[in-house]
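Note that this is a predicted model, so its numbers are computed, not measured. Side-chain atoms are counted along with the backbone in the values below, which use heavy atoms only and exclude waters and symmetry mates. Throughout, a chain's letter reflects where its sequence line sits, starting with A, and its residues are numbered from 1.
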Amino acid sequence: MIRLEQVSKTFHLKSREVEALKQINLTIEDGSIFGIIGSSGAGKSTLVRCLNLLERPTEGKVFLDDIELTALSNGRLRKERRKIGMVFQQFNLLAQRNALKNVCYPLEIAGVPGNQAKERAIELLKLVGLEDRMYNFPAQLSGGQKQRVAIARALATEPKYLLCDEATSALDPNTTNSILELLKEINERLGVTIIVITHEMKVVEKICTQVAVLNEGEVIEQGSVQEVFLSPKTKIAQEMIYPKPKYDNRNFHGKVFRLAFGGQSSSEPIVANLVLKCQTPVNILGAGTEDIGGKAYGQMLLEFPKDEAAIAEAKKYLDSIGVHYEEEDADGI
Amino acid sequence: MEFNQLVALLWKGSLETLYMVLTSTLCSYVAGIPLGVLLFITDKNGICRCRPVNLVLGVIVNLTRSIPFIILLIAILPFTRAVAGTTIGTNATIVPLVVAAIPFIARMVESSLKEVDQGVIEAAQAMGSSPLQIIVKVLLPEARPSLLVGCTIAFATLLGYSAMAGFTGGGGLGAIAINYGYYRYQANIMWATVFVLVVIVQVFQELGMFIVNKTDKRIRN
C-alpha cells in the first residue's frame with residue numbers, strides 16, 4: 001500500500017512560487033491499477049515523483065507499506081526504491097547498453113551476481129516478448145520495443161509497485177494498446193500494483209480499477225473507475241472525462257440528452273430499442289462509445305422532439321436498463 | 001642539412017613530442033575526469049548538489065584556464081623543478097602541460113556529462129542507484145562518445161602547447177621548429193616540422209573519430 005498524507009510540493013522559481021501539489025491525500029491499495037488523470041500542468045508528474053521521492057514533498061508524508069519514506073536516510077531510501085519500479089514517457093534506457101544489459105542494470109546495482117542477473121533479465125525479456133531482440137541497442141528498437149525493455153527493467157528487482165509516468169504517451173494507438181495489455185497482464189500474473197499517470201481517458205478506461213482526477217495540484221475526485229467515469233461530480237472532471245461533442249444548439253428544437261454508458265452489454269441495441277419503445281424519432285448528435293470486454297462505455301448525445309410524453313417514456317426505459325442520462329443545458333455547446 | 005639528417009631529426013622530435021603529449025594527456029585525464037565529474041555532480045541540477053564546492057572548483061578551474069600557457073610555463077618553473085628535478089627536456093615539459101590541461105579537460109568532461117539525458121539519470125535514481133553507481137555505470141559510459149571526442153581535442157591542444165615549450169628548452173618538434181626555424185632562420189626546417197605536426201594531429205583526430213563511430217551505440221550500424 002502506498003499512502004500520501006497531506007503532501008504538498010512548492011517549487012521556488014526565480015520570479016514566483018508554483019504550488020504543484022496541494023495537500024494531497026491518497027491511498028493506493030495493493031493489487032490495483034491506479035490511474036491518476038489530469039491535463040498537462042495539473043501536477044501529475046510531480047505527484048508520481050513524490051511517490052518514490054525523486055521529488056521531495058515540501059510538506060507531508062509518504063508511506064510505503066507503513067514505512068515512512070519521507071523519514072528515511074538516503075541509503076535506506078535507495079533500498080526501498082527497489083520495491084518501486086518506474087517507467088517513463090521517454091523510456092530513459094541506457095543508450096550505450098543493449099536490451100539485455102539494460103535489464104541487468106538494476107540487478108547489478110542491487111549486487112546480484114552476473115550470471116543470475118543475466119538469467120533473470122532473459123526471463124523478463126521473454127515476459128515482455130523481446131527475447132529475440134536481447135542484443136539490440138535502444139537505437140535499433142522501435143518505441144514500443146523500447147518501452148517493453150523499460151518495463152522489463154523496471155520489473156527486474158521484483159518490485160511490488162510499478163509507476164508509469166505517461167508510459168504510452170509517446171506511442172501510436174496500436175502500440176499503446178499492446179503496452180496496456182502487457183501492463184494488465186503484469187498486474188494479473190505477477191500481482192504488481194500499477195500506478196498509471198496519464199492525460200488520456202482511454203488509458204484509464206482500458207486498464208485502471210481506481211482513478212484519481214488531478215486538477216491544479218488537487219485531487220478533485222477519486223474512486224473506482226466506474227464510479228468516477230459514470231457520474232463525475234465536479235464540472236472539471238466532467239469536462240475532462242466527457243469532452244462535450246460540439247454541436248450548434250440553434251439548429252435543434254428538441255431536447256438534448258447526454259447518455260453515459262457504463263458497462264451495459266454492448267450487444268444490446270439501446271438506441272433502436274429506445275426508438276421502438278417510445279415511438280419517437282431520436283437524432284444522434286454525437287457519440288463516442290467503446291466496447292471494452294463486451295461492455296459499452298462512453299457517451300452519446302441524443303436529441304428528442306419536444307414531446308413530454310415521449311420523453312417521459314424514454315426516461316423510464318433508460319432507467320430500466322440502467323443507463324445514466326442528463327438533460328443538456330439549452331445553450332448546448 | 002642533408003635530407004636523411006633532417007628525417008632523423010624530425011623522427012626523434014616526433015617521438016619526443018608523442019611521448020610528451022600522450023603522457024601528459026593521460027596524466028591530465030587521471031585528474032581531469034574526477035574533477036569534471038565533481039564539477040558536474042555538485043552543480044545546481046547535479047546528483048550531489050553542493051554549491052560551495054562547485055563555486056570554489058569553478059573559480060580555480062577558470063583562473064588556471066585564463067593564464068596563457070607560455071606564462072604558466074614560466075611561472076611554475078620552480079614547481080616543475082621540484083617535480084621533475086629539472087626544467088629542460090621532455091620530462092620537465094610534461095609538468096606544465098599537465099597543470100595547464102587538467103582544468104581544461106575538467107571543463108570538457110563536465111560538458112560531456114551535461115549531454116547525458118537527464119531522464120536516464122532520473123531512471124537510475126528511481127532504481128535505487130547510489131551516486132557512485134550513477135557516475136561509474138551511467139554517466140561515464142553514456143558520455144563515452146563525447147568524452148572520446150573531447151580527448152582528441154585535448155590531444156591536439158596539448159600538441160600545440162608542447163611546441164610552445166620549445167621556447168624554454170622543452171624537447172620535441174616544437175623545440176626543433178624554434179631552434180632551427182626561428183633562431184637560425186632555416187624556414188624549410190620549420191615548415192617540415194609544421195608539416196609533421198599537421199600529420200600527427202590529422203592521424204589522431206581521424207583515429208579518435210573512428211573509435212567514436214565504432215563504439216557509439218546510438219548510431220545504427
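- Minimum interatomic distance between B:Ser129 and A:Ile109 (heavy atoms only, all atoms of both residues): OG-CD1, 3.3 Å.
- If you measure heavy-atom distances from A:Leu163 to chain B, you find no contacts under 4.5 Å at all.
- Heavy-atom neighbours of A:Lys101 NZ from other residues, nucleotides or ligands within 6.0 Å: at or below the threshold of 12.
- Per-residue counts of heavy-atom pairs under 4.5 Å with chain A were compared for B:Thr215, B:Val138, B:Val116, B:Asp117; the largest is that of B:Val138.
- Of all the heavy atoms in A:Tyr105 and B:Lys137, the pair that sits closest is CE1-CB, 3.7 Å.
- Annotation for A:Phe11: atom CZ counts as buried by contact number, over 12 foreign heavy atoms lying within 6.0 Å.
- When side chains are defined from C-beta on, B:Met127 does not count as touching A:Thr157, because their heavy atoms never get closer than 4.5 Å.
- At least one side-chain heavy atom of A:Arg78 sits less than 4.5 Å from a side-chain heavy atom of B:Ser130.
- Of the listed residues A:Arg81, A:Met86, A:Gln96, A:Arg49, the one with more heavy-atom pairs under 4.5 angstrom with chain B than any other is A:Gln96.
- Listed here is the closest heavy atom pair of A:Ala139 and B:Lys217: CB-O, 3.7 Å.
- Between B:Ala123 and A:Arg153 the shortest heavy-atom distance is CB-NH2, 3.7 Å.
- With contacts defined as side-chain heavy-atom distances shorter than 4.5 Å, the pair B:Gln118/A:Gln90 does not qualify.
- For A:Asp132, the CG atom sits in a packed shell: over 12 heavy atoms of surrounding residues, nucleotides or ligands are nearer than 6.0 Å.
- Ranked by heavy-atom pairs under 4.5 Å with chain A, the list B:Gln125, B:Glu142, B:Arg144 is led by B:Glu142.
- Within a 6.0 Å radius of CD1 in B:Ile88, no more than 12 heavy atoms belonging to other residues, nucleotides or ligands are found.
- For the residue pair A:Asn92 and B:Gly119, the shortest heavy atom distance occurs at ND2-O, 2.9 Å.
- Between the side chain of A:Asn52 and the backbone N or O of B:Ala126, no donor-acceptor pair lies under 3.5 Å.
- With a 4.5 Å cut-off on non-hydrogen atoms, A:Leu53 does not touch chain B at all.
- Here the closest heavy-atom approach between residue A:Leu54 and residue B:Glu122 is recorded as CD1-CG, 3.5 Å.
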